[in-house]
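To start, the structure itself, in structure tokens.
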Amino acid sequence: MQEKLRQHIEKIVPLTDEEFAFVRSHFTVKNAKKKSFLFQTGESVRYSYFVVSGLLTLIYHDDTGKQHIVSFAMEDWWESDYEAYFTQTRAGMSLQCLEDTEVYCLTLENYRKLCAGLQKMEHFFLQKANGGHIGSQRRILSFLTSNAKQRYEQLLQRYPALLQRVSKTLLASYLGVSRETLSRLGHTS
């Protein structure tokens, strides 16, 4: 498990054994069962999570109670309610395990210590944040400029493994379409 974290970080910055030991000391490990929540709306968001194995979904419930899938996070991805995490406010979303999941957990305090104590990690987190911003902008642009079929095809192209692991209901919510529309799209691709 430690090797997965090290390999993930070393895709961006090389680490000596001593540096990795320093990095690793700032994380805790959590195993969570399918359908359990790492946090729910209204709770404190203590951690940013690195997914070692399993699958997570970030969920927003609007004022009418309708569920919106904000994102999915599978192996080698990071996830949290970042507004709540960085501002130390209550969660506006919930993070649920769609499969049995193993994550590395990083508190905001330890995130800051890592960045202050090892400049390489500050660079690593900057690169991860930049990638996250790019992904978010792509998703927003997709909703603004693409029809349902195009959004589905983009999802197929970018994350083909996700379609095998996520229910049609959740995929439909992520794409902003009904389950019936998603079924039609799946038959025309």
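Since the structure is predicted, the reported quantities are computational estimates derived from the model, not experimental observations.
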Testing the basics here: between [X] and [Y], what is the closest heavy-atom pair and its distance to 0.1 Å?
X      : Y      : value
Tyr60  : Gly92  : CD1-O, 3.4 Å
Leu106 : Phe27  : CB-CE2, 3.7 Å
Tyr152 : Leu163 : OH-CD2, 3.7 Å
Gln154 : Ser146 : NE2-OG, 3.3 Å
Ala172 : Leu182 : N-CD2, 3.6 Å
Val45  : Ser80  : CG1-OG, 3.2 Å

Give the cluster check for [X] versus [Y]: same hydrophobic cluster or not, with ILVMFWY residues linked at side-chain heavy-atom distances below 4.5 Å.
X      : Y      : answer
Leu156 : Leu55  : yes
Phe22  : Phe20  : yes
Leu126 : Leu108 : no

For the [atom1] atom of [X] and the [atom2] atom of [Y], what is their distance to the nearest 0.5 Å?
X      : Y      : atom1 : atom2 : result
Arg138 : Leu141 : CZ    : CG    : 10.0 Å
Met93  : Thr57  : CE    : OG1   : 10.5 Å
Asp100 : Asn31  : CG    : CG    : 8.5 Å
Leu118 : Glu18  : CG    : CD    : 11.5 Å
Gln67  : His61  : CD    : NE2   : 4.5 Å
Glu10  : Phe124 : CD    : CZ    : 10.5 Å

[X] side chain to [Y] backbone, donor-acceptor under 3.5 Å:
X      : Y      : answer
Ser173 : Thr169 : no
Arg165 : Gly54  : yes
Arg24  : Arg6   : no
Gln150 : Asn147 : yes

Parallel, tilted or perpendicular: rings of His8 and Phe50 (30°, 60°):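 Plane angle between 30° and 60°, so tilted.
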Output field: ring centroids Tyr104/Trp78 closer than 6.0 Å: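 That pair fails the under 6.0 Å test.
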Do NZ/NE/NH1/NH2 and the carboxylate oxygens of [X] and [Y] come within less than 4.0 Å?
X      : Y      : result
Arg158 : Glu153 : no
Asp76  : Lys11  : yes
Glu180 : Arg184 : no
Glu43  : Arg90  : no

Mind checking whether [X] and [Y] have side chains closer than 4.5 Å, heavy atoms only?
X      : Y      : value
Ser53  : Val51  : no
Ser71  : Trp77  : no
Lys120 : Glu19  : yes
Phe72  : Tyr159 : no
Lys4   : Ile9   : no
Lys33  : Cys97  : no
Gln96  : Ile59  : yes
Thr87  : Tyr82  : no

Check whether more than 12 heavy atoms from other residues, nucleotides or ligands sit under 6.0 Å from atom [atom1] of [X], and answer yes or no.
X     : atom1 : value
Gln88 : CD    : yes
Arg46 : CZ    : no
Glu83 : CD    : no

Verdict with supporting geometry, Thr28 and Tyr47, side chain to side chain contact (heavy atoms under 4.5 Å, CB included): CA-CA 10 Å; Thr28 57; Tyr47 303 106; 4.2 Å; yes
Side chain to side chain contact (heavy atoms under 4.5 Å, CB included) assessment of Leu98 paired with Leu56: CA-CA 6 Å; Leu98 297 178; Leu56 304 173; over 6 Å; no
Residue pair Leu95, Phe37: steps toward the side chain to side chain contact (heavy atoms under 4.5 Å, CB included) verdict: CA-CA 6 Å; Leu95 187 59; Phe37 287 88; over 6 Å; no
Arg151 NZ/CZ over Phe143 ring centroid, <6.0 Å and within 45° of normal: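 That pair qualifies as a cation-pi contact.
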Verdict with supporting geometry, Glu99 and Lys35, salt bridge (charged side-chain N to carboxylate O under 4.0 Å, His left out): CA-CA 7 Å; Glu99 300 171 354; Lys35 296 186 180 181; over 6 Å; no
Chi angles and distances behind the side chain to side chain contact (heavy atoms under 4.5 Å, CB included) call for Glu102, Lys30: CA-CA 6 Å; Glu102 188 171 29; Lys30 180 173 179 68; over 6 Å; no
